[in-house]
Trainee: 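Have a look at the structure that comes next, please.
The model shown is predicted, which means the values in this text are computed figures rather than measured ones. Chain identifiers are assigned alphabetically (A, B, ...) following the order of the sequence lines, protein sequences preceding nucleic acid strands; residue numbering begins at 1 within each chain.
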Amino acid sequence: MKFIGRAIIRILILFVILIVPVGFFITFFALNQKNIPIWNIGIRNVLSFGGYYKVPIVAISYFIATLITVSLVDKMKIRSLILLHIPPVLIGAALIGGFYLIQAKRQPFRIIEHRVRLGYGSFLKEGVFNEVGNSAMMIEKNEQNRFTLYIYKRESNDLFVMGSMSGSAISIDQAGQKVSFTSGKRKIITHTVPFKDFHSYEGVADNRMFRLYVNQLRKTVSSFRKYFQQAEGVERFLFLGAVFISVLMISIPLTYALNDGGWGFSGITGAIFILLVLPFLYGGIFFFIQKMRFSSSFLGSYAYLFPAIVFALIGIVLDISVKVRSIKKGI
Amino acid sequence: MNQTTKNALISIILSTLAVCFCVFMFFFFYHEHRLDPQFESIKTLKNALLFREALLSTLRAVPVAVIFVNVFCFSVLFTLKPFQTEEFTYNNVALPSFIMLIVFIMFVVASECVIVPRLEKQNVSLRYRMRVARKAESYARELKTAQEYRKALSVLDLYLDIDTQNEGVIRLYNDIVELREKEEESRPPVPDETMEKGEKTLTTYYERGKEEYNRGNYFGALYYLERAHALHEDTAEIKELYRITKRQTETSLGKLTSEQEKRKQLIESKEKALEHLNKKEYYDAYEIFVKLHNEYPEMQDLELYLKEVEGELSKKDFLPQELKEAAWLPSMDNIVFLDKQGYINTVSRVVPYYNQFYFYDIKRYKMMKGKLNTVSWKYGKWIETSIRLKNEEGFRKIPENKLGTRFVSTYTDPGYLIYSGNREKLLNLLNIYERFSLSELLRKSGIDIDGKWVYLSRKFGVFFSMYVLTLFLASIAWAKRSIYEFPPVPKLLLFFIVVPATVYFLHLLYIDMNNLIIYSHRYFTRLMFKGMNVTVYTVFFNIVFSIISTLYFLSQRSGVE
């Protein structure tokens, strides 16, 4: 009990420490994926946008906290591998339960359109030529609060001007990810620019290696989502619970196996390694399931649980093999 | 300094050098693989470019390398046999590591602020020279086909200035030389008026005038003797030769112009032109000399005067012919910038060559009373502090009231403006001094660039990232260090795969966090400390993190928990 209590406290402390950087990180990444420039949209927008991602933020923070705790646990003090699963399961169950009670009845994991309050200033800096695709755009504001937009087309070496626009002449379509500028009274001219043409964020979320990792993560999540969408109401929680258990069943024994009492840092290295490998592992198993066309008809109306059960079974096998190896080594 | 401290110091230095060398080699082969195949043939510059590219990438990776080396040392290296003595204390390794960290940070400061921009500039120059060489080769082949051998050779001379080892180009050069010789053999011989080889170099106007006179080239002699006479009016020898030469030219002039009136007009015009020349009214002199030279092309003195005036005018003006001859050179295309006169300028092509900047197809835009006024110019050249514009051939005096429209007064040197379409490249080229002195001017030119204090804050992010992450991760590594005689090989391999990547991402995350701090400055100053400098604000937070990590580093102990 003492061990479970300590492990829970450690996971919770790490979870609280990690939630802020993970939150910012996921928010930045999501904004970057939507081609919304991060540094020009205002902190309130960033925070409210991050709110939409509370589920992945909480899940990832919890998962990293669990892995680090398991990777640094003293193997000499904890002899039961099964016992090691209990603290993460308890916290995870509390998180899912809490989430269900607070929000699920209103918005059961709805995939909603995330909106951010955007203006021309989110995309264009005033008084300088902003690189926009193969052109450069400069916006100037005059004393009457009207705008003049200069568009330099590099292909033709020509400059176009859209003069005396009011604020309403600039419309931002977030769903279509484009900005339109309209001017003229008799002859109306519209210039539309997709979000992706604006200079966007460059940072860790824009890193090539990181994008490769997240794309794999996204593929795995969307594979799960297919099964998730087959379920309805409480079934979704059943599915989520099975997935959650399967992730723990796979990652905890792996992390525990890499945990080394003689070299604690290798445990951290192992936890990071598992974090990196897991999406690819899951992706590979999904690919294998789809290629081999396993029949899940024997599960009847619970067919959506099939992949989660497969992962949980793999986890159980891993658990047993780690335990057997430990017994052989005399730990 | 005891033996353990010495060992620690050597371990850190050697490990850092080894890691940097590996990184350098990796980037050398990486850049070699990515190098544009068209540059492969220019071997002289290729290796220089690859070396610099790899060096640049390595310098940028130094912060990550230093953090990684420290993690490795505290996790593995300092636990190995040479350190496992009875006298060993944590201080023996902590102190040299800390000192070396400070040294490395100082190196990174120099690298980020001075060395990297300098190398970037050298790289840009090398790449441009390679482009020139490539273009020169293909252009020379075109000229060879068009049988313009003399021009082809001058273009190839340019190539050989850059690369002397390309056998294909040397062969091409020799072929063209042969073709030119054949062509010249088939032509009737032209008397060479220039001095023969080995002849004594004539340095004074008088000597050259005398030489021309002896050759019977009286108009040529007149030019030199007029200059000599103007300088030494009292010298009898010069005076006499000048008088004789003048008489001879007047006789020759009689052959050229039968009508007395026309002859008089020519003499008067020339005297007027010379008067303008002496008064340094070069445009007026040029106008007369061009007219006279077109009328009397046989008079060599007019040609020489014309050349002299052109030479003087070239200091503040240019001939479009100069731009036409340079048009084949590689260019920076489609740039846009604002100038001091309030115009938006667009330029189709800019050729930077030997500190000259040639501009082609310039358009100037200005909003006047709600309408956009446009003026187009065919040519432009950077002269002293502005871009001289022109459409016409030859030199023409600009009326005082139109002087402002024929020059573009830029905020900065065109060497910076040519990167207006490539902001990232420009930012990499600027060293700390340029960032401080030019940020505002570049912004006024319409280039999207951070202010100097924001730039400094971002740089501090890199240095503090190095400091904080090194101390923090080294402390964790020490707290969870290996107690094996030698760590398990599979786990060591995993360490070498995972830790560099993790350190790299943590470094990027720290820089992102620093950017977030810079971003929050605008909100903070709205609430309190209005007008607080962004660098002071950023440094404050970074110092807090540094203190925490230093305390954590210092709190480590020698014993195993």
Trainee: Taking the side chain as C-beta and beyond, is there a heavy-atom pair between B:Leu494 and A:Leu258 under 4.5 Å?
Mentor: yes
Trainee: Heavy atoms, side chains only, cut-off 4.5 Å: are B:Asp448 and A:Phe129 in contact?
Mentor: no
Trainee: For the CZ atom of B:Phe72 and the CZ atom of A:Phe265, what is their distance to the nearest 0.5 Å?
Mentor: 12.0 Å
Trainee: Using non-hydrogen atoms and a 4.5 Å limit, figure out which bit of B:Thr502 sits close to chain A: side chain, backbone, both or neither.
Mentor: side chain
Trainee: Distance check, rounded to the nearest 0.5 Å: A:Phe24 atom CZ versus B:Leu516 atom CG?
Mentor: 5.0 Å
Trainee: To check you understand the geometry: which heavy-atom pair defines the closest contact between B:Pro488 and A:Asp260, and what is its length?
Mentor: CG-OD2, 3.8 Å
Trainee: Could you tell me if the side chain of A:Val161 sits less than 4.5 Å from the side chain of B:Met367, heavy atoms only?
Mentor: yes
Trainee: Is any side-chain heavy atom of B:Phe495 closer than 4.5 Å to a side-chain heavy atom of A:Trp263?
Mentor: yes
Trainee: Quick check on the interface: out of A:Ser266, A:Gly267, A:Gly264, A:Gly270, who has the most heavy-atom pairs with chain B under 4.5 Å?
Mentor: A:Gly264
Trainee: Examine whether an atom of A:Phe273 lies under 4.5 Å from a heavy atom of chain B, and if so say whether it belongs to the side chain, the backbone or both; otherwise answer neither.
Mentor: both
Trainee: Is any side-chain N of the basic residue among A:Asp158 and B:Lys363 closer than 4.0 Å to the acidic one's carboxylate O?
Mentor: yes
Trainee: Which atom names give the shortest non-hydrogen contact between B:Val347 and A:Tyr152, and what distance separates them?
Mentor: O-OH, 3.9 Å
Trainee: Against chain A, label B:Ile476 side chain, backbone, both or neither, depending on which of its atoms sit under 4.5 Å from a heavy atom there.
Mentor: both
Trainee: Under a 4.5 Å heavy-atom cut-off, does chain A meet the side chain of B:Tyr523, its backbone, both or neither?
Mentor: side chain
Trainee: Return the minimal non-hydrogen interatomic distance between B:Arg443 and A:Lys125, and the atom names on each side.
Mentor: NH2-CD, 4.4 Å
Trainee: Ignoring hydrogens, what is the shortest heavy-atom contact between A:Ala136 and B:Val336? Give both atom names and the distance.
Mentor: CB-CG1, 4.2 Å
Trainee: For chain A, which candidate among B:Val499, B:Thr346, B:Leu508, B:Asn422 shows the most heavy-atom pairs at distances under 4.5 Å?
Mentor: B:Thr346
Trainee: To the nearest 0.5 Å, how far apart are CZ in A:Phe210 and OH in B:Tyr504?
Mentor: 12.0 Å
Trainee: Heavy-atom distance under 4.5 Å to chain B: side chain of A:Ile268, backbone, both or neither?
Mentor: side chain
Trainee: Dump the intermediate steps for side-chain contact (heavy atoms from CB on, under 4.5 Å) on A:Met138 and B:Ile344, then the final yes or no.
Mentor: CA-CA 10 Å; A:Met138 181 172 79; B:Ile344 297 173; 4.0 Å; yes
Trainee: Under 4.5 Å from any heavy atom of chain A, what part of B:Leu338 do you find: side chain, backbone, both or neither?
Mentor: side chain
Trainee: Would you compute the distance between atom CD of A:Glu131 and atom OG of B:Ser420 and round it to the nearest 0.5 angstrom?
Mentor: 7.0 Å
Trainee: Heavy-atom pairs under 4.5 Å with chain A - which of B:Ile335, B:Leu442, B:Thr374, B:Ile518 has more of them than the others?
Mentor: B:Ile335
